[in-house]
Enquirer: 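Take this structure first; my questions come after.
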Amino acid sequence: MCGIIGYVGTDRGDDALEVLLDGLSQLEYRGYDSAGVALADGGIDVHKREGELAALEAALPRERFDGDSIGIGHTRWSTHGPPSDANAHPHTDATERVAVVHNGIIENYQSLRDDLAAAGITFQSDTDTEVVPHLIGRSLDEGLDHEAAFRAAIDRLEGSYAIAAVFDGTETVYAARHESPLVLGVADDGHFLASDVPAFIEYTDQVIYLADGEFARLTPDDLVITDANGQVTDPSVETIAWDPEDAGKSGYDHYMRKEINEQPTALRECFRGRLDELTGRVELPELGDLEPRRPVTFVACGTSYHAAMFGTRLLQDRGVPAQAFLASEFDADRVPIDAESLVVGVTQSGETADTMRAIREANSVGATTVAVTNVVGSSAARETDDVLYIRAGPEISVAATKTFASQQAALTMLAAALSDQRSRALVRELRAVPDQIQSVLDASRAREIAETYHGAEAYFFIGRGYHYPVALEGALKMKEITYTHAEGFAAGELKHGPLALVSEETPVFAVVTGDGKLAEKTIGNVKEVEARGTPVVAVTDGQSDVERYADHVLEVPATSAVASSIVANVQLQLVAYWTAHELGRSIDKPRNLAKSVTVE
Ligand code: F6R
């Protein structure tokens, strides 16, 4: 996720460049691949570089700390165009009258870009953001003042944005937001804006959260917020009580908890511009002209493999032959794939060695390859024919949480596209998932379950159909961060062996939604364990009578089997998180594990 920062200081204030660089370093946790700043004291001075902040610092002129008092800065997490100096922010109009930084995705950027190009504008980058300074520049040409030109540009944007702009020769930073975070900081000797409080908490703990649709004008002595109609609002200033040390986690104890809570936002980003409610179509232009209904082979590891299993079932249910391989077990000499095959590598990081090897083998036999990944410019993105980005934003905690939900969402859309299926019902169900996850996050009783069972000998997870990969994922999360034995099973397999393991010391988590055949059968398996005195926790939508046989219930809203798998998994993430919390484990960095596994 990109990070933005802005500062206007009074004469007594700090040096703007120092404030911006400090702020950007505090935003590093969001993940980034390039960084840049624009200083605006008598002319706009832009410096930007691909790579780490150190690369930007090295590129700054020696006399850099010379007391400039106005500037904006940015850490870029690529979404449109690979990491490069040119794609790094800030972006300017052709004559450098305005510089802009942006976090979010401008959905209608292509049509804006086409209009601007037709009017003779030459673009310097591949980004969606660059349309903004050019739109502002056009309005300035037409005689609008800075504020009016800024508002006119923002009015033309569709999508999500937190945007800040500085103009040549003024002591003002303008900002606007829609569905991307933006917080303002109020200090005696200046004003700040940023994607997140840590960026300026060293300077002030007085903050104002800008609401969707609001605009801000920051000058050294004044901070004015207006609504979409230009009416001045009366914002409340809040005092942040965090220790700067904890601020990178936005007040959460762990990145994992923060990332679990970010899932509604992550999924909205994943769906943005890709779901057409009118036609029921899923729009994935990034897949080019992949012909539908071609047999699909997934390759993936760990959590991503569970997502691949989910994707396999989605395709099979739509009549498209599909299979999923653990990438470490994939061998192109043995698996019948050829130039007609479509091989999809599912990998959050885009760097996992086993998955990359499998993708390379698929490439070597001439198969068409697709990466479903979170990281723009990653090896998987570079070495496949097409890429579907899951847009979850960076994940810091070793245990994958929001990227799994985003993989499930992306693969649901991929399956609809590859089976050439239109379904308004599916589009509606997917659109509802972020709010449904939010309702689970707001009311989950997972912490009570963890308090009751954190001393268990082992945990078992069962599910059928779309809930089978969720059972596997629930167990993986539990073992990864609690260091307690946990296993997931297809519910029907329980009686073929694992039942010998269940006891009063081994809680069984059963994912049961709907009231159809699969629910009925899973309830049969629940009865088998309940009869042996084993505690049962049902993750359920209340449509069946599983509650009669369960000791505890973790509720999820009623929806389709596909959508409820995405939502039910959140309850299991929370159970694992709170259990690890009770046990005092190192939640974000579990022993022996690494975030990106780059060896086979
Ligand atoms: C578990 C987890 C791992 C990864 C696996 C593949 O929480 O994160 O199991 O899913 O190492 O990683 P990616 O998706 O980066 O290929």
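Both ligands and their constituent atoms are indexed starting at 1 by order of listing.
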Enquirer: May I ask which of Ala300, Ala399, Gly350, Cys301 has a heavy atom nearer to atom 6 (C) of ligand 1 than the others do?
Expert: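 Of the listed residues, Cys301 has the closest heavy atom.
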Enquirer: Could you list which atoms of ligand 1 come closer than 4.0 Å to a heavy atom of Gln348?
Expert: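 Those of ligand 1 that fall under 4.0 Å from Gln348 are 13 (P), 14 (O), 15 (O), 16 (O).
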Enquirer: Kindly say whether His80 contributes a backbone atom to a donor-acceptor pair with the side chain of Thr127 at under 3.5 angstrom?
Expert: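 No, the answer is negative, given that no donor and acceptor are paired below the 3.5 Å cut-off.
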Enquirer: Of the backbone atoms (N, CA, C, O) and the side-chain heavy atoms from C-beta on, which set of Thr403 has a member under 4.0 Å from an atom of ligand 1: side chain, backbone, both, or neither?
Expert: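 Neither part.
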Enquirer: Name the residue from Val553, Leu554, Leu574, Thr579 that meets the side-chain contact (heavy atoms from CB on, under 4.5 Å) definition with Ile449.
Expert: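 When side-chain contact (heavy atoms from CB on, under 4.5 Å) is applied between Ile449 and each of Val553, Leu554, Leu574, Thr579, only Leu554 qualifies.
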Enquirer: Using a 4.0 Å cut-off to any heavy atom of Ala400, which atoms of ligand 1 qualify?
Expert: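 Those qualifying, in numeric order: 7 (O), 8 (O).
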Enquirer: Could you tell me whether Ser304 and ligand 1 have an N or O pair separated by under 3.5 Å?
Expert: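 Between Ser304 and ligand 1 (N or O atoms, distance only) the closest approach is under 3.5 Å.
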Enquirer: Would you check whether Lys477 reaches within less than 4.0 Å of ligand 1, judged by its heavy atoms?
Expert: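 Contact check Lys477 vs ligand 1: positive.
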Enquirer: Can you find an N/O atom of Ser349 closer than 3.5 Å to an N/O atom of ligand 1?
Expert: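 It does: an N or O of Ser349 is found under 3.5 Å from an N or O of ligand 1.
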Enquirer: Against Phe330, only a single residue in Phe298, Tyr305, Phe325 fulfils ring-ring contact (aromatic ring centres under 6.0 Å, His included); can you say which?
Expert: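 When ring-ring contact (aromatic ring centres under 6.0 Å, His included) is applied between Phe330 and each of Phe298, Tyr305, Phe325, only Phe325 qualifies.
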Enquirer: Does Thr368 reach the side chain of Val343, with side-chain heavy atoms less than 4.5 Å apart?
Expert: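 SC-SC contact between Thr368 and Val343 ruled out.
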Enquirer: Say whether, by atom type as modelled, one donor and one acceptor occur between the side chain of Lys479 and the main chain of Thr484 under 3.5 angstrom.
Expert: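 Absent.
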Enquirer: Treating Asn87 as the side-chain partner and Pro82 as the backbone partner, does any N or O pair qualify as donor plus acceptor under 3.5 Å?
Expert: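 Present.
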Enquirer: Mind checking whether Glu480 contacts ligand 1 via backbone (N, CA, C, O), side chain (CB onward), both or neither, at a 4.0 Å heavy-atom cut-off?
Expert: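 It is the side chain that touches ligand 1; the backbone stays farther off.
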